[in-house]
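In each ligand, atom 1 is the first atom listed, and ligand 1 is the first ligand listed.
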Amino acid sequence: MSFPATRLRRLRRTEALRGLVRETSLSPSHLIQPVFVVSGEGVREPVESMPGIDRLSISELVTEATEIASSGIGAILLFGIPSGKDESGSGAYDDEGVVQMAVRALKEAHPELTVITDVCLCGYTSHGHCGFVRDGEVDNDLTIELLAKTAVSHAEAGADAVAPSDMMDGRVGAIRYQFDEEGHSRVPIVAYSAKYASAFYGPFRDAAESTPEFGDRRGYQLDPANAAEAVRESKLDLDEGADMLMVKPATPYLDIVRRVKDETGAPLAAYHVSGEYSMLKAAAANGWIDERAAVLETLTSIRRAGADAIVTYYAKEAAGWLR
Ligand code: PBG
């Protein structure tokens, strides 16, 4: 079986032939759009480092969601930016907090829209760390109690799924236990299992005002040099009751996406993060790349690596291109 009998180019000659043998599909239903909700009214604040992304107050978000709900996108991932912050991030588990109120408004206006909430304290703590700080370090076991409380308040507000993004040990188990105790055993947990200490989160931290005031997140997020550890994290999260796993960021970690998929077989998302978005936007704005082609190629590559779902700031735009 070799040249000239075998000519792989034969099936590449027309789009119809290419379509017949295409191995990877990409459709709006695979995409999750992250959104930022702020307290206040009539707010629509562009995030400077993320062209096309705004921080919205609740009624603006509900309006925006009308478009998202009709675009065929699988879900939104909701991040809250509270009006005030404190040492223990109490805004995160306040039943009248910005995320809880946004979830109620979204589910009332668009019951068909799947709303996933990000569960973390970093946007709510005065020091910007993802948990309760004691003696200059995030206290793991105290933090997971606060995270479980946060997740329960999101579920009570009507969240369709929760996504813990803090990287504390045992947080999935703590949330699952508390969900079962409080009547939310049907709510899925999308665990950010392999979340790396990455330089690509910069623009997000501008958007969410969550840059740590001291130190960094390397004491809890994964070391970019490690792959076997990502598989261990993923398996632990599954054992603790996670329904879906996540690798984050996406493009610099496609090997991790593939390994986690192969070694767990579990439903898997990959998060194409703020820095990955901003790089494409910046290159496109300069006329250096064809934005649409580059974005669809990137998203297809993430799917090809083994991701079922992709969290991306391009979700809405890509859904338009895919229609
Ligand atoms: C916080 C959180 C981060 C992101 C999502 N949730 C960033 C961080 O660890 O600072 C990053 C998302 C992005 O860059 O798009 N727990």
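Of all the heavy atoms of S165, the ones lying under 4.0 Å from any atom of ligand 1 are found in both the backbone and the side chain.
Counting only heavy atoms of the protein, atom 4 (C) of ligand 1 lies nearest to K248 NZ, 2.6 Å. Q221 NE2, 2.8 Å is the protein heavy atom nearest to atom 9 (O) of ligand 1.
A pairwise comparison of heavy atoms in A294 and I289 identifies CB-CD1, 3.8 Å as the closest pair.
Using the six-membered ring where Trp is involved, Y192 and Y271 have ring planes that are tilted, between 30° and 60° apart. Taking the six-membered ring where tryptophan is involved, the planes of F79 and F204 are perpendicular, since the angle between them exceeds 60° and thus also 30°.
At a cut-off of 3.5 Å, with distance as the only test, a side-chain donor of D118 or S165 sits close to an acceptor on the other residue.
Using a 4.0 Å cut-off to heavy atoms of V273, the atoms of ligand 1 that qualify are 13 (C), 14 (O), 15 (O). When each atom of ligand 1 is checked for a heavy atom of F79 under 4.0 Å away, the hits are 5 (C), 6 (N). The contact set between ligand 1 and C120, taken as ligand atoms under 4.0 Å from a residue heavy atom, comprises 16 (N). Annotation for ligand 1: atoms under 4.0 Å from non-hydrogen atoms of Y313 are 12 (C), 13 (C), 15 (O).
Seen from the ring of Y314, K281 does not count as a face-on cation partner, given the 6.0 Å and 45° thresholds.
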